[in-house]
There are 2 protein chains.
Amino acid sequence: MSTVDAITTDTLREVWPMLSLEEQLEAFSLLPRDMADDFFLELTSASQANILENVRPNERRIWMRLLAPDDAADVLQAVEDHSLRQELLSVLDPTTRAEVSALLAYAEDDAGGLMNPRFARLRPDMTVDEAILYLRRQAKQRVETIYYAYVLDERQRLLGVTTFRTLFGSAGDVRVSDIMETDVVSVPEDMDQESVARLVSQHDLLAVPVVDADRRVVGIVTVDDIVDVVQAEATEDIQKFGGVEVLGGPYLQVGYLELIRKRAGWLAMLFVGEMLTTSAMTHYQQEVLNAVVLALFIPLIISGGGNSGSQASTLLVRAMALGNVRPRDWWRVARREIIIGLSLGCVLGLIALARIMLWEYLFASYGEHYVLVASAVTLSVIGVVTWGTICGAMLPIILQTFRLDPASASAPLVATLVDVFGVVIYFQVARIILGA
Amino acid sequence: MSTVDAITTDTLREVWPMLSLEEQLEAFSLLPRDMADDFFLELTSASQANILENVRPNERRIWMRLLAPDDAADVLQAVEDHSLRQELLSVLDPTTRAEVSALLAYAEDDAGGLMNPRFARLRPDMTVDEAILYLRRQAKQRVETIYYAYVLDERQRLLGVTTFRTLFGSAGDVRVSDIMETDVVSVPEDMDQESVARLVSQHDLLAVPVVDADRRVVGIVTVDDIVDVVQAEATEDIQKFGGVEVLGGPYLQVGYLELIRKRAGWLAMLFVGEMLTTSAMTHYQQEVLNAVVLALFIPLIISGGGNSGSQASTLLVRAMALGNVRPRDWWRVARREIIIGLSLGCVLGLIALARIMLWEYLFASYGEHYVLVASAVTLSVIGVVTWGTICGAMLPIILQTFRLDPASASAPLVATLVDVFGVVIYFQVARIILGA
């Protein structure tokens, strides 16, 4: 048996994201034609663009014509070469080409960029029997779904929606206007895809119509695209949250240079920010010389603040992404987090106190002033953890207020901000207590 | 106009997650009955359970009977009181009760726990006309979708699937067995929900059948549930990643005690782990005394390692959740991350070197041995960043290998692990260089 026979789409699908571009092209070219069709349709736009860029020109028509208008538009947006983009557009049939060109005018992550302009439409004065017949005809064309049919007036404005199932369960001579649902959830063309996803998931919809300023329906967004949006938005949030710029593809397919570039930027910025700790500590060198034991606790104290800050910002970033917290709730959040920060600070402070007293008792580690050192460390931990918690919770809210992405309040950013204050709080407390 | 009139389900839906339990109950009781029905169906299982726990017993029947079997099972799983659970089960009609009881046997986050046992079924020897008639009858019962119809043999084993649209576009006298798709994607009862979601999204399905060990279809999972799964799994991953135990509900609805408990555990563990830095530094007190300037760079160096580690673990945790990296790819990942870690280390090392030389030139900050200090800091930064990157990338893979959740390789955990080594690397390098 040759390796060609051994390839099934299932195994190929599984290993696909781990293959190099060359391997992907080779594997794809080995697929029998019927399998290749299905497989091509399942790929991400980026992978489809890669294939189109590398197949022979006469094959491009085959693959482009398989795509629904919204998917074709996504692929064209993923193609970097301008002249290839024109060529790919030109192999489409004239109707689709016009639809795709219209879609290309929308931002990729707006409702307009997600929608398919082909949807099932009905007139309000049709009877149920006429509607079913009419949908049967539309089912043979390439509408995205016939399961939701939108009822439009003569100017294409949205009057209502009905499901195929409702039509099917109704008497044949009833008018569509009598059974349609008029309270329709619809979205404007420029609504961002995260909000569209939230609406679709809240209402458990299979599709949502996209309307222009005159309430004319210009297309529909279907739930299979929403699943991809939710997945992609979560990936973006998680990457931002780890202090990485959003990657352009699956981890193993992103090149070294892109990986380094997308990580070095934030890392260098945070590193420069962290240098403020060095500047701050310069003022406290005398304290360290007087009691070198103070230096031992620096990592412990600043990491306590950083970790509690990361926790708080994680919770708030996600709560805001899910629409559970809005900037105007800031005071409710602040009140909660002050109480929680103080509680967490006391827990960690007590652990630190216990540890210092125990080590002193067992090993006499911390010299004659160990009570003062223990007090300074305990109080600092309480202060730093409380401060870290408040900063971590407020930073996402502040970013959102200024219309920046709350997810930029990453764990590393919060930790760095808190570190600087942590050092100052620690040494200031130590100066007061040990000065006494 | 009273406030009652002013409530619309749209505004209520928006503020719902921010209301206290009492406010939710009051607002819900003010809704007119027809709005209340729709609104109730859109709520999460946890909210539905809250309402059922607090309405009058004779109302419970109304709400429970609105729910599809899979949703009813989810609500019962969210009810804590055992006797109330029995009561809620008893108000269902006998068929639904049997279905719900069967579903309760599955783990909530398996395919079996997500599925609806009511689906549209066909026999292979039916004609298309018979099939459409038969589906029309099923559409009036409470099957979850008639848009996918599953073709079963006499023992309920899966033979194929067809869409309503295919039936609708076919000639009336063709047999179902001639038009059905036999290459059906199905999932076993105990497949975890994350894998089910991945399959559905990869194949752009509206529903996927769940089969038992004998390939009998026991239910279907629909795409609207998948959207919720993807959203919930992302929330879990993000919370774990921020070093918080997964919360039981929206941020503003979780009580103080739960919030403190779910954060204090990890925080205390990390704090105790971080104490190893204190122990490690005890061995280097003499170095600090000899050159107190070394202490100034402690936060800078350990945070550089922590941040680069967080970045690497973020990328790997997400790549593994999306199925783009598997444990067996560890060497490809390690090779990439060693090169990237070294590159990032050199970038940060050069920044540190530039900063020390500049400050020395401007302010003569670091004493006569500034060249040695600068060398020690630069080399340590390179070492710590490389080490942090490798640890951050490998920890999620190691966790997965031992069948633990890679998302537990949280930013705070990686930072803490790296801190301890960071301190040792720094002082060991300093001892060698400054000892010379």
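Naming convention: chains lettered A, B, ... in sequence-line order (proteins, then strands); numbering from 1 in each chain. Values reported hereafter were calculated over all heavy atoms of this structure, with side chains retained and with hydrogens, waters and symmetry mates removed.
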Notebook entry, point to check: Picking from A:L344, A:L252, A:I351, A:I260, which has the most non-hydrogen pairs under 4.5 angstrom with chain B?
Noted result: A:L252
Next item on the list: Check whether B:V420 gets within reach of chain A through its side chain, its backbone, both or neither, counting any heavy atom under 4.5 Å.
Entry: neither
Item checked: Contacting region of B:T389 [heavy-atom separation from chain A under 4.5 Å] -> side chain
Check: Got A:V223 and B:D224 here, is their nearest side-chain heavy-atom distance under 4.5 Å?
Finding: no
Note to self: The test is side chain to side chain contact (heavy atoms under 4.5 Å, CB included); show your working for A:S201 and B:D228 and say whether it passes.
What the structure shows: CA-CA 7 Å; A:S201 109; B:D228 299 339; 4.0 Å; yes
Check: What residue, out of A:D225, A:D183, A:V292, has the most heavy-atom pairs lying under 4.5 Å from chain B?
Finding: A:V292
Next item on the list: Let me know if B:V229 has heavy atoms under 4.5 Å from chain A in its side chain, its backbone, both or neither.
Entry: neither
Next item on the list: Heavy-atom distances under 4.5 Å only: say whether B:V185 touches chain A with side chain, backbone, both or neither.
Entry: neither
Notebook entry, point to check: Are any non-hydrogen side-chain atoms of A:V227 and B:V230 less than 4.5 angstrom apart?
Noted result: yes
Checklist line | Portion of B:L322 that has a non-hydrogen atom of chain A nearer than 4.5 angstrom | finding: side chain
Note to self: Taking side chain as everything from C-beta outward and backbone as N, CA, C, O, which of these in B:D204 sits under 4.5 Å from a heavy atom of chain A? Side chain, backbone, both or neither.
What the structure shows: both
Check: In terms of heavy-atom proximity below 4.5 Å to chain A, should B:R318 be classed as side chain, backbone, both, or neither?
Finding: side chain
Notebook entry, point to check: How about A:N324 and B:Y251: do any of their side-chain heavy atoms sit closer than 4.5 Å?
Noted result: no
Note to self: A side-chain contact here means heavy atoms from C-beta on lying under 4.5 Å apart; do A:W266 and B:N307 qualify?
What the structure shows: no
Notebook entry, point to check: Can you tell which of B:I226, B:V317, B:D329, B:I302 has the highest number of heavy-atom pairs within less than 4.5 Å of chain A?
Noted result: B:D329
Notebook entry, point to check: salt bridge (charged side-chain N to carboxylate O under 4.0 Å, His left out) between B:R355 and A:E274: does it pass, once the steps are laid out?
Noted result: CA-CA 12 Å; B:R355 147 79 198 240; A:E274 188 80 26; over 6 Å; no
Next item on the list: Look at A:S303, A:G306, A:G422 and state which one has the largest set of heavy-atom pairs under 4.5 Å with chain B.
Entry: A:S303
Checklist line | Option in A:F297, A:Y256, A:W16 with maximal non-hydrogen atom pairs under 4.5 Å from chain B | finding: A:Y256
Notebook entry, point to check: To the nearest 0.5 Å, what is the distance between CZ (A:R261) and CD1 (B:I340)?
Noted result: 12.0 Å
Notebook entry, point to check: How close do B:A268 and A:L348 get, heavy atom to heavy atom, and via which atoms?
Noted result: CA-CD2, 3.7 Å
Notebook entry, point to check: Between B:L267 and chain A, which part of the residue has a heavy atom less than 4.5 Å away: side chain, backbone, both or neither?
Noted result: both
Checklist line | Smallest separation among heavy atoms of B:S308 and A:R263, with atom names | finding: O-NH2, 4.5 Å
Margin query: Counting heavy-atom pairs closer than 4.5 Å to chain A, which one of B:A197, B:G169, B:P250, B:A319 comes out on top?
Written below: B:P250
Margin query: Can you tell me which of A:E233, A:K262, A:Q239, A:M275 forms the most heavy-atom pairs within a distance under 4.5 Å of chain B?
Written below: A:M275
Checklist line | Options B:T235, B:T166, B:I132, B:T222, ranked by heavy-atom pairs under 4.5 Å with chain A, top entry | finding: B:T235
Checklist line | Max heavy-atom pair count under 4.5 Å with chain A, selected residue of B:V200, B:L300, B:T277 | finding: B:L300
Note to self: With a 4.5 Å cut-off on side-chain heavy atoms, are B:L315 and A:L259 touching?
What the structure shows: yes
Next item on the list: Decide if atom CZ of A:R335 counts as having more than 12 heavy atoms of other residues, nucleotides or ligands within a radius under 6.0 Å.
Entry: yes
Item checked: Structural part of A:A352 lying under 4.5 Å from a heavy atom of chain B -> both
Next item on the list: State, yes or no, whether a side-chain contact exists between A:T278 and B:W359 at a heavy-atom distance under 4.5 Å.
Entry: no
Checklist line | Under 4.5 Å from a heavy atom of chain B, the part of A:L413 involved | finding: neither
Check: For B:A411, is it the side chain, the backbone, both or neither that has a heavy atom under 4.5 Å from a heavy atom of chain A?
Finding: side chain
Checklist line | Which portion of B:L43 sits near chain A, non-hydrogen atoms under 4.5 angstrom | finding: neither
Checklist line | Sub-6.0 Å ring centroid separation between B:F164 and A:Y147 | finding: no
Next item on the list: Quick one: which of A:V333, A:V385, A:T44, A:D419 has the most heavy-atom pairs under 4.5 Å with chain B, could you say?
Entry: A:V333
Next item on the list: Check each atom of B:A312 against the heavy atoms of chain A and say whether the ones under 4.5 Å are side chain, backbone, both or neither.
Entry: both
Next item on the list: Identify which part of B:L294 has an atom lying under 4.5 Å from any heavy atom of chain A, answering side chain, backbone, both or neither.
Entry: neither
Item checked: Side-chain touch A:D38/B:H203, heavy atoms, less than 4.5 angstrom -> no
Item checked: Under 4.5 Å from a heavy atom of chain A, the part of B:I298 involved -> side chain
Margin query: I'd like to check B:F271 versus A:V347 (side-chain heavy atoms, cut-off strictly below 4.5 Å). Are they in contact?
Written below: no
Item checked: Pairing residues for B:Y284 by the ring pair (Phe, Tyr, Trp, His ring centres under 6.0 Å) criterion, not counting sequence neighbours -> B:F427
Margin query: Counting only non-hydrogen atoms closer than 4.5 Å, does B:S279 touch chain A with its backbone (N, CA, C, O), its side chain (CB onward), both, or neither?
Written below: both
Check: Minimum heavy-atom separation for B:L296 to A:T282, with atom names?
Finding: CD2-N, 3.8 Å
Next item on the list: Give the member of B:L316, B:L289, B:L205, B:I238 that has the highest number of heavy-atom pairs under 4.5 Å with chain A.
Entry: B:I238
Margin query: I'd like to verify something: which residue of B:E42, B:Q231, B:Q311, B:M281 has the highest number of heavy-atom pairs under 4.5 Å with chain A?
Written below: B:Q311
